Amino acid sequence: MRSDINEFMMALQAKTPGENEFHQAVQEVVESIWDVYIKNPRYKKAKILERMVEPERVIMFRVPWIDDQGEVQINRGYRVEFNSALGPYKGGLRFHPTVTLSILKFLGFEQTFKNSLTTLPMGGGKGGSDFSPKGKSDNEIMRFCQSFMTELQRHIGPNTDVPAGDIGVGGREIGYLFGQYKRIRNEFTGVLTGKGLAWGGSLIRPEATGYGAVYFVQHMLELLGKKIVGQTFAVSGFGNVAWGAIMKINELGGKVVTISGPDGYIYDPAGISGEKVDYLLELRASNNDIVEPYADEFDATFFPGRKPWEQKVDIALPCATENELDVGDASLLVLNGCFLLAEVSNMGCTAEAAEFLMEKISYAPGKAVNAGGVAVSGLEMTQNSQRLNWTREEVDARLHLIMREIHDTCVRFGRNGDRINYVKGANVGGFVKVADAMLAQGVV
Ligand code: NAP
């Protein structure tokens, strides 16, 4: 690493000890944009980068609630309001036992660049709690969400900060959170996205991240002279994001042969589509484990404790969580002929895996590939402000256009001869817009 980047990272690490995921995310961005940064003395003089790595505000709070046995439970809630140079803070809420400040800072930092890439007026933020909805009753989830929102509502608003879902936060949780916000503030307003269709939600929002990712992959393939039809895909997870991706891949003639959970993965060479997807969605809605039961139901193979990256596929889409694919997994994929990997999870690959993949195959990072989710959240905000509901076709067409523009931005800033460095393209493309807005807004 160059010594000036090294110095920057050492100063950050000294100031934020132990925040490893955050350091990993910053390092990737800093390495990509450093040349642009030092070539523009105005950025350096205004200490744009030093300001960008410091969230504008971090809120941390107690979330007490009562479980079904009458026991008091205490979780920790967070909202990291990272950067509002381009618009109100925007980014998901994650409910998962692994949530820490470091994870939310990495996600909020990445979100700032991702939102900038969408070209919609949204700043970056992220929040959540170490609460796990898994295995909880609906009443417990509701009581938790109500307690969480009782504090969060002081800090958010349709022109201030507009959270959405992420891991562990889907339509049900957004409903309970919205209900509590409305009750306390006595206003029906677009303060959250991912809402139900009947009360301010947007068509396509639930599937937008997955659909958008597949549109992005289509554009990557186009540059390689290929199409989705006939390609075999490995997908990890089976959550909000994975199912949308699987539906779109099937629609476009591709075949998905894996899904996974924390306990292992299933391999179904016949393809995961149609009634099999419906079956998975039903299990998921009832809070049940899905991977192993699927194997029993559809005669597929369950590989306990393993990851899908050992299967021979053309394209890999990590859709579960950060650092879910390491350099060993990446080598195995490449060895088996995989020629394209698009991260749908945020920072799905470790830094070493990302570096390896960039050299070997067509590889794109989460902040570009998964931006369709927040893009349609942005479109939900617009519909809420206009008090209008757009048709499915209209939202889908806009999503498609945004994903094409993000891909074009990556190509414009990341082209190196006949290869595209999507990491550089996404980081520089996202950075310049935020940096210029920060310069224009003075030292704030
Ligand atoms: P989700 O609905 O909670 O789904 C996550 C899925 O991954 C679940 O099937 C989960 O299984 C599985 N999983 C969790 N840890 C795993 C592990 N270590 N190994 C294998 N599988 C694991 O979350 P999501 O909203 O789809 O988010 C997935 C990723 O996409 C995250 O990185 C998120 O930040 C990113 N993302 C989401 C959105 C969005 O719109 N939701 C937008 C942009 C980016 P269990 O349920 O059994 O734990």
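Side chains included, hydrogens not; waters and symmetry mates left out as well; all remaining heavy atoms used. First listed ligand is number 1; within each ligand, the first listed atom is number 1. Along the sequence shown, residues are numbered consecutively beginning with 1. Predicted, not measured: the structure shown is a model, and the values here were computed from it.
F302 and Y265 have their aromatic ring centers separated by at least 6.0 angstrom. The ring of F106 has its center no closer than 6.0 angstrom to the ring center of F22. For an aromatic pair to be called close, the ring centres must be under 6.0 Å apart, and F95 with F148 satisfies this. Taking the six-membered ring wherever Trp is involved, the centroid distance between the rings of W199 and F178 falls below 6.0 Å.
Polar contact check, R205 against ligand 1: a nitrogen or oxygen pair lies under 3.5 Å apart. For ligand 1, the polar-atom distance check finds an N/O of V241 within less than 3.5 Å of one of the ligand's N/O atoms. Looking at G168 next to ligand 1, an N or O pair under 3.5 Å apart turns up. The shortest N/O to N/O separation between D166 and ligand 1 falls below 3.5 Å. At least one N or O atom of N346 sits closer than 3.5 Å to an N or O atom of ligand 1. In terms of N/O distances under 3.5 Å, ligand 1 is not approached by T321. Taking only nitrogen or oxygen atoms, main chain and side chain alike, N240 reaches within less than 3.5 Å of ligand 1. Considering backbone and side-chain atoms together, R94 places an N or O closer than 3.5 Å to an N or O of ligand 1. In terms of polar-atom proximity, defined here as any N/O pair under 3.5 Å, R284 does make such a contact with ligand 1.
When the heavy-atom distances from atom 44 (C) of ligand 1 to L280, V369, N370 are ranked, the shortest goes to N370. For atom 47 (O) of ligand 1, the nearest non-hydrogen atom from the set K307, K126, K134 comes from K134.
The protein non-hydrogen atom at the shortest distance from atom 4 (O) of ligand 1 is G239 CA, 3.2 Å. Nearest protein neighbour of atom 27 (O) of ligand 1, counting heavy atoms only, is I167 CG1, 3.5 Å. Scanning all protein heavy atoms for the shortest distance to atom 40 (O) of ligand 1 gives T209 OG1, 2.8 Å. Protein heavy atom at the shortest distance from atom 8 (C) of ligand 1 is F238 N, 3.9 Å. For atom 17 (C) of ligand 1, the closest heavy atom belonging to the protein is P262 CA, 3.9 Å. Closest to atom 28 (C) of ligand 1 among all protein heavy atoms lies A320 O, 3.2 Å.
With a 4.0 Å heavy-atom cut-off, ligand 1 is reached by no atom of I290. Heavy atoms of C319 found under 4.0 angstrom from ligand 1 belong exclusively to the backbone.
Ring-plane geometry between H400 and H219 is classed as perpendicular, the angle between the planes exceeding 60 degrees on a 0 to 90 degree scale with a lower cut at 30. The aromatic rings of Y211 and Y215 sit perpendicular, their planes meeting at an angle over 60°, well past the 30° parallel limit.
The cationic atom of K126 (NZ for Lys, CZ for Arg) does not lie both less than 6.0 Å from the six-membered ring centre of Y89 and within 45° of the ring axis. Remark: K136 qualifies as a cation-pi partner of F131 under the 6.0 Å distance and 45° angle criteria applied to the six-membered ring.
The pair R57-D161 does not meet the salt-bridge criterion, since no charged nitrogen lies less than 4.0 angstrom from a carboxylate oxygen. We find that E251 and K248 are joined by a salt bridge, their nearest charged nitrogen and carboxylate oxygen being less than 4.0 Å apart.
Residue contact annotation: E343 has no non-hydrogen atom under 4.0 Å from ligand 1.
Proximity of F303 to P308: side-chain heavy atoms (C-beta onward) are nowhere separated by under 4.5 Å.
For N115 (side chain) and G123 (main-chain N/O), a donor-acceptor pair under 3.5 Å exists by modelled atom type.
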